Amino acid sequence: MYETWKCVLGKLPEAVYRVLGIERAVTQELLASGKLKAAPTPDPRLGDFGVALQPVLKGINYAKWSIVGADLARELYALTHDECWVEKVDFVNGYLNIAINYNQILKSISEEFLSGRVFKELRSIGGGEKAIVEHTSANPVHPLHVGSGRNSVIGDTFARLLEKLGFNVETRFYVNDIGRQVATLIYGVRIVESSGVEKPRDLKIDHWYGVIYALTNIIIEQGKLREAINGKIRDFIERASEICDVCSSRGSELTRETCLEICEVSWKRNYKVELLKYAGRIYKLLKSTVKPGENPAIENLTRILKELRDLLREYRSFTRAGWKLALYYPEVYSALKSSIKSYREAEEEITRLMLGAEREEPGTLQLFSKTVNEVLNGFRETLNKLGVYFNGFDYESSPEVLKTAHQVVDDLLRGGYARIIEGGAVEVNLDELAERYDYIKRLFHPDRAGRFVIRRSDGTTLYVTRDIAYSIYKFKVLGASRVYNVIAIEQTREQKQLKAVLYLLGYRREAENLDHFAYEMVHLKGLRMSGRRGLYYTIDEMLVDAELSILKKLIEKEEKRELRDLLEIAEKLAVANTRAILVSVDPGKVLVFDPGKISEVEYGVMIQYAFVRAQGVVRNLWGLEFLDSREEVVGKTIEYTRGFEGVDFTSEEKKLVDDILKYPLVLKTAYIEKSPSKILEYALNLAIDFNKFYEKYPVISEKNENARKARVLITVLTLLILSELIDILGFPKLRRM
RNA sequence: GGGCCCGUAGCCUAGCCAGGAGAGGGCGCCGGCCUCCGGAGCCGGAGAUCCCGGGUUCAAAUCCCGGCGGGCCCGCCA
C-alpha cells in the first residue's frame with residue numbers, strides 16, 4: 001500500500017507541472033516537508049486514499065478548482081495507471097482521490113508474507129544485537145498486584161516484540177533484597193513464627209508474607225504517628241494559649257466566635273479527646289476568617305492544625321487497614337501487637353538487620369535470602385501462569401552489585417565528581433556538573449539536575465548507587481549492548497541520575513543505550529492501593545476473577561463438553577484477557593481499572609476468537625491444523641497466489657488487506673515508540689475486521705474461483721499475522737473455543 | 001515553590017509528535033439476525049461543547065499562549 005502511495009506521490013509533481021505549470025521542485029518540496037501527503041479516505045466510496053491538494057491550489061481562484069482538479073486527475077491517472085496499479089483518480093473539493101487495483105496488491109503482499117520475506121526483514125532490525133529487558137522487579141514483601149502486573153506484562157510483551165525484531169533478548173528480574181522493606185518483613189516473620197502462628201495451608205506464601213509485612217508496617221507506623229500527633233497537640237495548645245491571650249486583650253482581628261473556641265481549647269488543655277473535636281472546627285473557622293500574611297501567629301496555628309488533620313487522617317487510614325487485616329488474621333495481629341513494644345525498638349531491630357545484610361553477615365544474609373526466595377517462588381508461580389518467564393534473577397545483595405557500588409563511589413570521588421559533605425556522606429552535585437557537561441544538562445532539561453547522596457555517613461550505599469552498579473553489571477558482565485528498564489514513571493528522576501553517573505564514569509555509550517521504559521500507575525476504581533497497608537488487588541485474584549467470569553459464560557452456552565475442556569479454555573482465555581487489559585493502555589497513561597467489570601473487557605477473547613475461526617477455515621479446506629502444520633498451510637496457500645484477476649474487492653476485504661499491509665509498520669512503531677499497546681490495538685482491529693469479513697462472505701463455499709482464491713489468501717494471511725501477534729502478546733494459543 | 005505527564009459520549013480508548021474530508025474502536029444501552037466455513041459473532045440505532053478561553057492557518061482534537069481539573073517527581077527511602 002505504502003509502495004503504491006509512494007508511487008503515486010512520485011508522479012504528482014509532473015502532473016501538477018503539466019496542468020498548472022508549477023515547477024516540479026515546488027511540489028517536491030511540499031511533499032518532502034509533509035505539507036502534501038497521502039491519507040486514507042474517510043469513505044471507501046471516495047476511493048482508497050487521497051491527497052489534500054489545497055496547498056497547491058492555494059493561489060488559484062476557488063471557482064476554477066473543479067476544472068483544474070479534473071485536469072489534474074486525468075493527468076495523474078495517465079501517469080500512474082500502469083505503473084502504480086491505479087484504477088481511478090477523482091477530484092473532490094480540493095482532494096485527489098485514488099482507487100487502486102487490489103488484485104495486484106493482494107498478490108504482491110501474499111508473496112511477501114508467504115515467502116517469509118516480511119518476517120525476515122523485521123528480524124534484520126535487531127540483527128542479533130543483545131538487548132536486556134529488566135522488568136517486574138517488585139519488592140519481595142507482598143504478592144504481585146495489578147501495578148506490578150502491568151510492569152510484567154508490558155516488559156514481557158516488549159521483550160517478545162524485540163525477539164520478533166531479531167534482537168537477542170534477555171529478561172532479568174532485579175531482586176531488591178536488602179532494603180528496609182525486606183528487613184521489616186523479616187522482622188515481622190520472626191515474631192510471627194516464634195509465636196507459633198502458622199501459615200494457613202491453602203494460602204500462597206507471598207500472600208501470607210504480604211499480610212505479615214503489612215501488619216508489621218501498620219503497627220510501626222501507628223506508633224510513629226501517635227508520637228507525632230501528640231507532639232502536634234502540644235504545639236497546638238501552646239499556640240492556642242498565646243492567641244487566646246491576644247484575644248482576651250482585645251488585640252485580635254479574629255471574630256469573637258473564633259476567639260472563644262480557641263480559648264475554650266486552651267483552657268481544656270488536659271482533655272485530649274475534647275481537643276481533637278475542636279481542632280477541625282477551629283481550622284475551618286481560621287481558614288475562612290484569616291487573610292494570608294496578616295498575622296503570623298494565627299497563620300502558624302492554621303498550619304499546625306492542617307498538619308494535625310493530615311496526621312490524623314493518615315493514622316485513621318492505617319488503623320482501618322489494620323482492622324481489616326486483623327479481622328482475617330487475628331493471631332498474626334495479636335502476635336505482632338504484643339511483641340512490638342515500641343516502634344523505636346522495632347526500627348532499631350530493622351536497622352540492625354539491614355546493616356547486617358549490607359555487611360554480609362552470614363546468618364543475616366541467609367535469613368534474608370531464605371525469606372526473599374520464598375516470596376520469589378510465589379511470584380514465579382503467578383508469572384508462569386501469565387506466561388512470563390525470566391532468563392535470570394539478579395540480587396541486589398550479590399557481591400557483584402555491592403562491591404561495584406562501593407567502587408562506583410570511590411571512582412566518583414577520585415574523579416572529582418562527588419564530594420564528602422557535612423556529616424560524612426558522599427554527594428554528587430549534578431547542578432554543578434550540568435554546567436560542565438551538556439549531556440547532563442539536556443538529560444534533566446528544563447528541570448534542575450539537583451544533587452543526591454550516593455553513600456550514607458555510616459558508609460552504606462543507597463538504592464541509586466546499587467542501581468548504578470547493577471547497570472554496569474548488565475552491560476559489562478551480561479554483555480548487553482542495549483538495556484530497557486521497565487520501571488514506574490515515578491522513578492524517572494532516579495533513572496536520570498543513574499544515566500548521568502554512568503556518563504561521568506566514562507560509560508558514555510552505555511548511558512546512551514540505557515532506556516528507562518516508564519509506565520504509569522494502575523488506578524483501581526474504589527480502592528487506593530498501598531502495599532504498606534496491605535491494600536492491593538493481586539494478579540492471582542485478577543486471574544481467578546477473569547477465569548470465573550469466562551467459565552460462567554461458557555457454562556451458560558450449555559455446551560456438551562467435558563468440564564475439563566471448559567476449564568482449560570477458561571484458563572487460557574483468562575490469561576489472554578488479563579494480559580490484554582494490562583497492556584491495553586499506552587504505558588504513559590494511567591490505567592484505570594474496575595475489578596467489578598472484569599467480565600466486560602474482553603480484548604483477549606476477541607482476538608482469540610478470530611484466530612480460532614481462521615483456523616477453522618484452514619481445517620475445513622485442507623484438513624490441516626494450523627498450529628501443527630504451519631509450513632504445509634503456507635505451502636498450500638502459495639498456490640492460490642497464481643492466477644486470480646478481475647476480482648472486485650468488497651470494502652471489508654479491502655480493509656483486511658490494508659490491515660495486513662500495516663503489520664511491519666505496526667511492529668516498528670510499537671518498538672520505536674515503546675508502545676506495546678499498539679500491538680494489542682492492531683490485533684484487536686484485525687480480529688474485528690476479520691470477524692466482519694468472515695460473517696459476510698463465504699470463503700470455502702464461494703462459487704467464483706478467483707474470489708475464493710482471494711478470500712483464502714486473505715484468511716491465511718490474517719491467520720499468520722494473528723499467530724505472530726498472539727506470540728508477541730503472550731497469549732496461550734487455542735484451537736477451538 | 002520548581003519540573004514532567006494526562007484531560008476525547010455513561011465508562012474505557014485511537015488519532016496529537018510530522019494540522020486536512022462526516023473525530024475511528026470497544027464496553028454498556030435499544031432494535032434486528034442462527035437450514036448458511038462454530039452466534040464469545042454480525043447488522044442497525046441512540047449517545048461527544050474533542051476541559052475552557054485566546055492566537056497562528058485556506059484548514060486546529062492536533063501547533064502556540066493563558067487558565068481550570070487530575071496524576072507523578074523534587075529524601076543520608078526503595
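Naming: A, B, ... by sequence-line order, numbering from 1 per chain. Here the structure is a predicted model, which is why all the values come from computation and not from measurement.
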Which is true for [X] with a 4.0 Å heavy-atom rule: it touches a base, it touches only sugar-phosphate, or it touches nothing?
X: A/Phe444; answer: nothing
X: A/Arg613; answer: sugar-phosphate
X: A/Val617; answer: nothing
X: A/Gly450; answer: nothing
X: A/Asn97; answer: base
X: A/Lys655; answer: nothing
X: A/Gly50; answer: base

Side-chain (A/Asp431) to main-chain (A/Ala449) donor-acceptor, under 3.5 angstrom: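 Between the backbone of A/Ala449 and the side chain of A/Asp431 there is a qualifying donor-acceptor contact (under 3.5 Å).
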
Does [N] have OP1 or OP2 sitting under 4.0 Å from an N or O in the side chain of [X]?
X: A/Lys696; N: B/G41; answer: no
X: A/Lys58; N: B/U57; answer: no
X: A/Lys678; N: B/G15; answer: yes
X: A/Arg708; N: B/C37; answer: no

Where protein sits on nucleotides 68-75 of chain B, one letter per nucleotide: B base, S sugar-phosphate only, - none, heavy atoms under 4.0 Å: ----SS--

Letter per nucleotide, 5' to 3', of nucleotides 60-66 of chain B [B base touched, S only sugar-phosphate touched, - untouched; heavy atoms, 4.0 Å]: -------

Span that lies between the P atom of B/A23 and that of B/A46, in whole angstrom: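 Nearest-Å result for B/A46 against B/A23 at atom P: 14 Å.
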
Pairwise salt bridge (Lys or Arg N to Asp or Glu O under 4.0 Å) hits with a residue in residues 666-677 of chain A, at least two apart: A/Asp515-A/Lys674, A/Glu673-A/Lys678

Pairs flagged by salt bridge (Lys or Arg N to Asp or Glu O under 4.0 Å) wherever residues 485-499 of chain A is involved - sequence neighbours left out: A/Asp447-A/Arg493

Selection residues 27-43 of chain A - residue pairs positive for side-chain hydrogen bond (donor to acceptor under 3.5 Å, both in side chains), sequence neighbours left out: A/Asp43-A/Arg45

Inter- and intrachain pairs under side-chain hydrogen bond (donor to acceptor under 3.5 Å, both in side chains), touching residues 588-606 of chain A, at least two apart: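 For residues 588-606 of chain A, and leaving out neighbouring residues, the side-chain hydrogen bond (donor to acceptor under 3.5 Å, both in side chains) pairs sorted by first residue read A/Lys553-A/Glu602.
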
For the side chain of [X], starting at C-beta, report the closest nucleotide among [options].
X: A/Pro55; options: B/C58, B/G41, B/G24; result: B/C58
X: A/Asn691; options: B/C42, B/A14, B/C58; result: B/C42
X: A/Ile550; options: B/A78, B/A40, B/G3; result: B/A40

OG-CG distance between A/Ser471 and A/Asn485, expressed to the nearest 0.5 angstrom: 6.0 Å

For RNA chain B, the residues among residues 32-45 of chain A that have a non-hydrogen atom under 4.0 Å from it: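 When residues 32-45 of chain A is checked for heavy atoms under 4.0 Å from RNA chain B, the hits, listed by number, are A/Lys37, A/Thr41, A/Pro42, A/Asp43.
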
A/Arg303 atom CZ, neighbour heavy-atom count above 12 within 6.0 Å: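 Atom CZ in A/Arg303 is packed in, count exceeds 12.
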
Enclosure of A/Lys572 NZ (heavy-atom neighbours >12, cutoff 6.0 Å): yes

Set of residues satisfying ring-ring contact (aromatic ring centres under 6.0 Å, His included) with respect to A/Phe393, sequence neighbours excluded: A/Phe173, A/Phe390

Any side-chain heavy atom of [X] within less than 4.5 Å of one from [Y]?
X: A/Phe611; Y: A/Leu734; answer: no
X: A/Leu36; Y: A/Val51; answer: yes
X: A/Tyr395; Y: A/Leu376; answer: yes

Mind listing the N/O atom pairs, protein and nucleotides 26-32 of chain B, below 3.5 Å?
residue, atom, partner, partner atom, Å
B/C27, O2', A/Glu600, OE1, 3.0

In residues 459-466 of chain A, what donor-acceptor pairs under 3.5 Å come from side-chain atoms, sequence neighbours left out?
residue, atom, partner, partner atom, Å
A/Thr460, OG1, A/Arg456, NH1, 2.8
A/Thr460, OG1, A/Asp458, OD1, 2.7
A/Thr461, OG1, A/Glu358, OE2, 3.1
A/Thr461, OG1, A/Arg466, NE, 3.2
A/Thr465, OG1, A/Ile454, O, 2.6
A/Thr465, OG1, A/Leu462, N, 3.3
A/Thr465, OG1, A/Leu462, O, 3.3
A/Arg466, NH1, A/Glu396, OE2, 2.4
A/Arg466, NH2, A/Thr461, O, 2.9

Enumerate, atom names and distances included, each donor-acceptor pair closer than 3.5 Å involving a side-chain atom of residues 53-62 of chain A, sequence neighbours excluded.
residue, atom, partner, partner atom, Å
A/Asn61, OD1, A/Ala63, N, 3.1

Tabulate protein N/O versus nucleotide N/O from nucleotides 45-47 of chain B, keeping only pairs under 3.5 Å, one per line.
none

